Amino acid sequence: MRRFEALSESHKRLPLNIDEIMKRSELFARNVFNDDKMLQFLTSEAYDKVQSAIFSGSKIDRKIADQVSEGMKAWALSMGATHYTHWFQPLTGATAEKHDAFFDLLSNGRAIEKFGGGQLVQQEPDASSFPSGGIRNTFEARGYTAWDPTSPAFVYKTTLCIPTVFVSYTGEALDNKAPLLRALHAIDEAATGVAQYFDKNVRKVNATLGWEQEYFLIDKALAQSRPDILMTGRTLVGKSAAKGQQLDDHYFGVIPSRVLSFMSALEKQCMLLGIPVKTRHNEVAPNQFELAPVFEEANLSVDHNLLLMDVMEEIANTHGFKVLFHEKPFAGINGSGKHNNWSLATDTGVNLLSPGSTPMKNLQFLTFFITTIKAVDNFEELLRSSIASASNDHRLGANEAPPAIMSIFVGKQLSEVLDELEGVSQGKLSPEEKTELKLNVVGKIPEILLDNTDRNRTSPFAFTGNKFEMRGVGSKMNCAKPMTVLNTIVAKQLTDFKKEVDALIDKKKLKKDEAVFNVLREYIKTSKRIRFDGDGYGKEWEQEARKRKLSNNKNTPVAIKVLTSKESIALFKATAVMNEVELAAHQEVELDNYVFHIQIEGRILGELVYNHIMPAAIKYQNLLLENVSGLKEVYGAAHKKMTEVQLNIIEKMGEHMTAMKKLADVMTEAKTKAEAMSNIAKKAQAYCDDVKPYFEQIREHADALETLVSDELWPLTKYRELLFVK
Ligand code: ADP
Ligand code: MG
């Protein structure tokens, strides 16, 4: 679609649909095979087995699976479903599904609706077309999807979707969900062990996640007129609009009615699917918005985020929008992220990162709080690697999102508490010391947190009163990746913590709370470098972080090296989250993804330069030349004064075109060279260091040409047209 056609197309608007205004709670989880429906559709034996699989990860045998599939089928058919699919998360980052009809033919030609335990439990998609990082070659095995009973099945449109893991026949994870489930199992075990110091009744600890999804909405017709948005999800060229986000008039402003109608349709669909969306508002940049749900158990929350992104694309489409999840769709204005709020919750209903009303509750809080700090300190580089991607590289450290350096913000008051605890004496505590600690340090935490309002927006990992908020996660990303690493490192630290405390109790005969204080004091001492409450955007912090020996990995190929370090391999092995083969494979897939990403951007940019921008500039040059020679013909020698401007523009355009073409040629050469490399790590680094830097340089000339060429002739929809559609 050409630019002007696209602009006229964008005026076809959809009206606000009154029918959609309905009580949200009445819609909630109607399309989900949740506890209520299970009670209704399953035998009590099947129901109990599924419940225990959810609680303790116990296996479901074939007989029970047959019963569950019967019930699930009956429910799904009652909801109007005609097909079922295993819904999974291959390492492409998107979700995948392959639909099969319930319909089947018997040998006598009679049609029936069929869905057995076999189809519920295991399926074999054509795995060869999904990235595996060489796992399947190594093991010559195919991949299969296996039912994850901890995330309930749901009906979307006319399909029953069954959340599944995707693994090779030898059991290696080919997806993001399998490692996450293992990490969640690890943290459950480790945290339950520690929580039992404080409450013997705790049987299970769930990691909780509440994400905040940022996104842009642009007009669909306009998006279709831009090859770069269509193919890469971002604009590779485009001059900033005269008005950007300077006026701050968009942030928390009135939501435009067309957007509101999209949001309300989206929220209705989310409700049906059991995604507990709650908050919506405008974000900082024009056309940027945010949506946040009530937090949930992490695995479910990750699934809901992925499902949400799929649903959003679809609903945006029917509302004449395209939704952009890319971390940096537009230069010069803020990009998008996805804060991950994380905590730990017991089956007794306690948030372990929430201070309580008694000193004992607060000691529990401090234990989980300080252990998390220590874990992040030990594995800061690994945590950074979990949010690395080609598109997120644009955002981290660009002074709109946290830097690539991991650090933790705890705030002034909690810093003071940690400082005081550091002074606790080693070994046994005197009665006075104990009273002082309990009353004046630990006991006062809830009070100080009440007015702990200093929020540092520049911190990548901030404590926000009753949870940690991980802020560097990319808007497009699958939260499973950071959640796997975070839960794994904290699980490891909690396990170590318990061992150390138990040793002090057994060998040094310390009381439990003395032992806990002793270990915490050591953790506070040894993890100080990770705590930083200052300005994370400043240059000073980069220097200071270097002194503290914190990593500052600015691009993906460098950032993901650590995935296969000796320490990472040992960590993932000890927690049984990933083995060495899986780590190497996942790293390889990440590198591949990176290469494809930059490769595609390079190609599209080349296309824009040669097939869109240059032809437009030449056309305008010709128009000006025609004008110059016409004036010369009519006015003779007197034309000089009249053609000065035209000639100047012609020359300027010539200069930019020459420079732009030269750069595009060198970029293409660099691309060819990188492409020929066989080592994937070197190849990714070459794309990063030798190809990508040309993108910005080429863009400068392209954007300069945009300012020179007549608006009428410019072939690409401009920023002001993309960003201010109401
Ligand atoms: P903001 O960060 O914008 O100030 P809130 O503090 O209200 O907003 O919460 C942001 C997100 O934190 C929400 O998505 C919410 O679900 C999530 N959240 C709140 N408590 C927890 C928790 N215990 N565990 C995980 N996420 C939580
Ligand atoms: Mg937030």
Side-chain angles (χ1 to χ4, degrees), residues 24 28 180 183-184 187-188 191 195 202 204-215 251-252 263 266-267 270-271 274-284 288-309 312 334 336-356 361 364-365 367-369 371-372 376 400-402 408-411 414 446 449-473 475 477 479-480 482-487 490 536:
R24 296 289 146 94
F28 190 69
L180 174 67
L184 293 173
I187 195 130
D188 173 15
V202 173
K204 186 174 174 64
V205 173
N206 275 326
T208 53
L209 165 65
W211 37 262
E212 301 164 56
Q213 178 72 55
E214 291 181 339
Y215 62 96
Y251 194 43
F252 282 77
M263 285 177 171
L266 170 65
E267 285 163 8
C270 285
M271 281 296 125
I275 308 172
V277 293
K278 194 170 163 67
T279 324
R280 62 183 185 202
H281 60 77
N282 288 2
E283 259 303 325
V284 177
Q288 191 187 28
F289 306 93
E290 181 184 293
L291 180 150
V294 176
F295 68 93
E296 299 176 281
E297 182 279 318
N299 175 44
L300 186 58
S301 183
V302 166
D303 281 357
H304 278 165
N305 181 247
L306 290 167
L307 181 58
L308 171 93
M309 293 199 278
M312 270 173 96
N334 276 14
S336 305
K338 179 152 56 196
H339 291 177
N340 276 200
N341 296 274
W342 169 88
S343 189
L344 295 169
T346 66
D347 59 334
T348 53
V350 172
N351 175 355
L352 293 170
L353 285 170
S354 186
K361 280 260 167 336
Q364 170 175 287
F365 156 70
T367 297
F368 286 91
F369 177 66
T371 314
T372 303
V376 174
E400 57 170 86
I408 302 184
F409 168 85
V410 301
L414 278 171
L449 277 186
L450 276 181
D451 52 50
N452 182 9
T453 47
D454 51 346
R455 286 268 194 117
N456 186 337
R457 291 272 159 202
T458 68
S459 174
F461 201 88
F463 185 70
T464 54
N466 58 1
K467 61 189 181 290
F468 280 100
E469 180 169 9
M470 194 170 167
R471 301 220 182 93
V473 184
S475 44
M477 217 161 250
C479 304
M483 282 300 114
T484 298
V485 171
L486 179 59
N487 287 296
V490 177

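Please read all numbers here as calculations on a predicted model, not as lab measurements. Whatever order the structure lists them in is the order used to number ligands and atoms, beginning at 1.
Residue contacts with ligand 1: Pro293 is placed with a nitrogen or oxygen under 3.5 Å of a nitrogen or oxygen of the ligand (distance criterion only). At under 3.5 Å, not a single nitrogen or oxygen of Val294, backbone or side chain, sits near a nitrogen or oxygen of ligand 1. The distance criterion of under 3.5 Å between nitrogen or oxygen atoms is not met by Trp342 with respect to ligand 1. Looking at Lys467 next to ligand 1, an N or O pair under 3.5 Å apart turns up.
Each of the atoms 22 (C), 23 (N), 24 (N) of ligand 1 lies under 4.0 Å from some heavy atom of Ser343. Set against the non-hydrogen atoms of Glu469, the atoms of ligand 1 under 4.0 Å away are 2 (O). The atoms of ligand 1 that sit less than 4.0 Å from any heavy atom of Trp211 are 14 (O).
Put simply, the side chain of Lys361 does not reach to within 4.5 Å of the side chain of Pro355, judged on heavy atoms. Leu308 has its side chain within reach of Trp211: a pair of non-hydrogen atoms, C-beta onward, lies under 4.5 Å apart. By the 4.5 Å heavy-atom criterion applied to side chains, Arg280 and Leu266 are not counted as neighbours. No side-chain heavy atom of Trp342 sits under 4.5 Å from any side-chain heavy atom of Phe295. Here the side chains of Thr279 and Glu212 are not in contact, with every heavy-atom distance at 4.5 Å or above.
Heavy-atom minimum distance, Leu180 versus Thr484: CA-OG1, 3.3 Å.
With a 4.0 Å cut-off on non-hydrogen atoms, His339 does not touch ligand 1 at all.
Residue Asn351 places a heavy atom less than 4.0 Å from ligand 1.
To the nearest 0.5 Å, atom CG of residue Asn341 and atom OG1 of residue Thr464 are 5.5 Å apart.
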